[in-house]
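Working notes for the structure below.
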Amino acid sequence: MAQGITKREEDYSKWYNDIVVQADLADHSSVRGCMVIKPHGYAIWENMQHVLDKMFKDTGHVNAYFPLFIPKSLFEAEEKNAEGFAKECAVVTHYRLKTDPKNAGKLIVDPEAKLEEELIVRPTSEAIIWNTYKGWIESYRDLPILVNQWANVVRWEMRTRLFLRTSEFLWQEGHTAHATKEEAIEETEKMLEVYADFVENWMAVPVVKGKKTANERFAGADETYCIEALMQDGKALQAGTSHFLGQNFAKAFDVKYVTKENKQEYVWATSWGVSTRLMGALIMSHSDDNGLIIPPKLAPTHVVIVPIHKTEEGLAKITDLANTIKNNLKQKNISVKYDNRDSYRPGFKFAEHELKGVPVRVAIGERDLANGTVEVARRDNLTKEVISISEIETYIEKLLVDIQSNLFERAKARQANLTTHVNTFEEFKKTLDEKTGFVYAHWDGTPETEEKIKEETKATIRCIPLNNLQEAGVCIYSGKPSTQKVLFARAY
RNA sequence: CGGGGUGUAGCGUAGUCCGGUAUCGCGCCACAUUUGGGAUGUGGAGGUCGUCAGUUCGAAUCUGGCCACCCCGACCA
């Protein structure tokens, strides 16, 4: 167990890395750009999956699984999508190794085992899925198709960061097919709402919902919706995207259906996804210089009980009490870990569970037994209280709810403080450099201006917020007329 | 792919200029004493010094090639 976490104000990215590694969430693997998600990190991801999966099912979706490999000819069918991902694709060219005749014990790629057609390791699955949907859809009676898959994908990134950007990552991708444009757009918006609901109410991370500009749009989409979150260092993080794909994939893969009126029509499509990147958002939204902070609704362990004893008899009594509390809390669906390891002292355990982000710690000592109390410490604000044993269960139940909402309110207040409206390019640059955060500014709506602003400031348009206030103004860069302010930020 | 840096025990390091078989801390193992915020003592295990070749009686140290990783840029959920 390492002891020092870099302070946030000293070096924010180092702090982030320290948290990920020292809180046992993930590690660099010996595969370049790929990480090992460790049990503690994976447990949090599993909780995210469970909640999201239920939300998907509740909105009528079902799960399925499609292949990891996509033949190049299928991959290239939707041109824009293919072009967008071409630069970061892993490609399988051979299917066999053989022993090296010149170097005993070593293997080489068998040059005679070259594939007729290369296989692309999926960076996303639209191509293989729409190729499949072609066979599933004949009539309007086959629609809609509402399928999700949990999978890994590979995008050959040049620079990687644990959870935020790795060459391989885990995600879910929903792929739906609809009879009408309206229905597909409704689906796209519905899933954006699902994501916003999850990220705000389970992860306790406030988001701005919006649409991407043409530059930032998913390759192959007509419209990309997104949720944007703001991290503690004032940088934005895209937390989820939902795409209205129009008829682009239906046309590329020739997926038509027969209407009631016996007419042939192309199918309308959506796709939407969130990834293990959410882990990064979770970490960077709440954690502090003592380590990770996990919102109760996603914490693998809600409460840890630490015994403090002087004698064996004392320990036995504490253990009895701990087990009673544990069982009572279990009735309330609160998961409890009794940390009775005898090789570590209480102070060490306190620090360790803080580092790993357990929301509530209960310490029980022999003094408590005499007084009929326990000490309860909350992770979010590091405060402690002495609570009577008789009311411990109801107290903790309420405390977990408090912590969840406190984390959200805290993050929300921070986001509000780090949101600025500006009217000139000077103000814009100054805000980005000195204050950071979300910056609202007028933009003339052209990709050229967006590109110039990005080149000069490294800030991108994160989104055009939904239900955005319409107000006449002039673009901060070009001085041309604008109808609304859009959301800029430097981003991960 | 460009520019910079680093490779010595599980982790962090000293030693490299000036060649003589590797230092310290954390962690690990055993035992004892401890336990209300990261315990202490005693004993112990653990290293082809990134890799390959060269120079030398002798290389962590000098020379050359290669490899890996990190940081900065171009790219990106």
Side-chain angles (χ1 to χ4, degrees), chain A residues 1-5 11 13-14 17-18 21-22 27-34 84-89 103 122-124 152-173 195 212 215-219 221 224 226-229 236-243 271-281 290-291 306-312 314-315 318 339-356 361-371 373-377 382 384 386 454-455 458 460 462 491-492:
Chain A
M1 172 76 43
Q3 298 208 356
I5 293 177
D11 186 338
S13 5
K14 212 164 171 214
N17 256 320
D18 285 352
V21 173
Q22 293 187 35
D27 246 336
H28 291 282
S29 70
S30 34
V31 187
R32 191 202 150 135
C34 296
F85 284 104
K87 296 185 299 291
E88 41 186 338
C89 284
N103 203 347
R122 63 180 166 218
T124 179
N152 59 339
V153 287
V154 169
R155 296 180 187 176
W156 212 262
E157 300 292 349
M158 296 183 185
R159 289 185 62 189
T160 60
R161 297 201 60 192
L162 294 171
F163 288 119
L164 296 175
R165 177 165 298 109
T166 45
S167 291
E168 180 193 20
F169 58 92
L170 306 184
W171 77 347
Q172 58 68 219
E173 44 181 330
Y195 287 155
K212 287 294 188 191
N215 275 352
E216 299 280 326
R217 206 174 278 158
F218 176 74
T224 287
C226 64
I227 48 175
E228 293 287 326
L237 182 77
Q238 179 174 302
T241 49
S242 182
H243 314 291
S271 70
W272 28 274
V274 293
S275 71
T276 36
R277 189 179 223 206
L278 288 178
M279 293 288 293
N290 292 330
V306 178
I308 303 164
H309 66 284
K310 300 209 188 307
T311 62
E312 285 304 312
L315 179 60
I318 291 167
D339 185 356
N340 61 351
R341 291 174 299 174
D342 60 5
S343 45
Y344 297 101
R345 303 172 94 233
F348 181 91
K349 295 178 185 176
F350 290 180
E352 183 181 57
H353 293 116
E354 252 160 40
L355 174 61
K356 292 194 171 187
R361 180 186 73 234
V362 174
I364 310 176
E366 298 190 21
R367 210 158 66 209
D368 289 306
L369 290 180
N371 299 338
T373 59
V374 297
E375 182 194 82
V376 179
L382 299 170
K384 297 188 262 200
V386 175
K454 183 179 172 182
E455 275 169 28
K458 303 208 166 172
T460 49
R462 302 318 301 156
Y492 277 98

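Numbered from 1 within each chain, the chains take letters A, B, ... in sequence-line order.
The CE-C1' distance, from Met158(A) to rC75(B), rounds to 5 Å in whole Å. Glu312(A) places its CD atom 12 Å from the C1' atom of rU34(B), with the value rounded to the nearest Å. For the pair Lys349(A) NZ and rA39(B) P, the computed distance is 11 Å after rounding to whole Å. Look at CD on Gln22(A): it is 12 Å from C1' on rC26(B), rounded to the nearest Å. Remark: P of rC11(B) and CG of Asp18(A) are 16 Å apart, rounded to the nearest angstrom. Nucleotide rG37(B) holds its C1' atom 13 Å from the CZ atom of Arg367(A), rounded to whole Å.
With hydrogens and angles ignored, no donor-acceptor pair under 3.5 angstrom links the side chain of Lys458(A) to the base of rG73(B). Between the base of rG38(B) and the side chain of Glu352(A) there is no donor-acceptor pair shorter than 3.5 Å.
Under the 6.0 Å distance and 45° angle rule, Arg277(A) does not count as a cation-pi partner of Phe169(A).
In this structure, Arg345(A) reaches the rG36(B) phosphate: one of its side-chain N or O atoms is under 4.0 Å from OP1 or OP2. Regarding contacts with the backbone of rA77(B), every side-chain N or O of Arg155(A) stays at 4.0 angstrom or more from both OP1 and OP2.
With hydrogens and angles ignored, the 3.5 Å screen pairs no side-chain donor or acceptor of Arg361(A) with any backbone N or O of Ala377(A).
Relative ring orientation between Trp272(A) and Tyr195(A) is described as perpendicular, the plane-to-plane angle rising above 60° on a 0-90° scale split at 30° and 60°.
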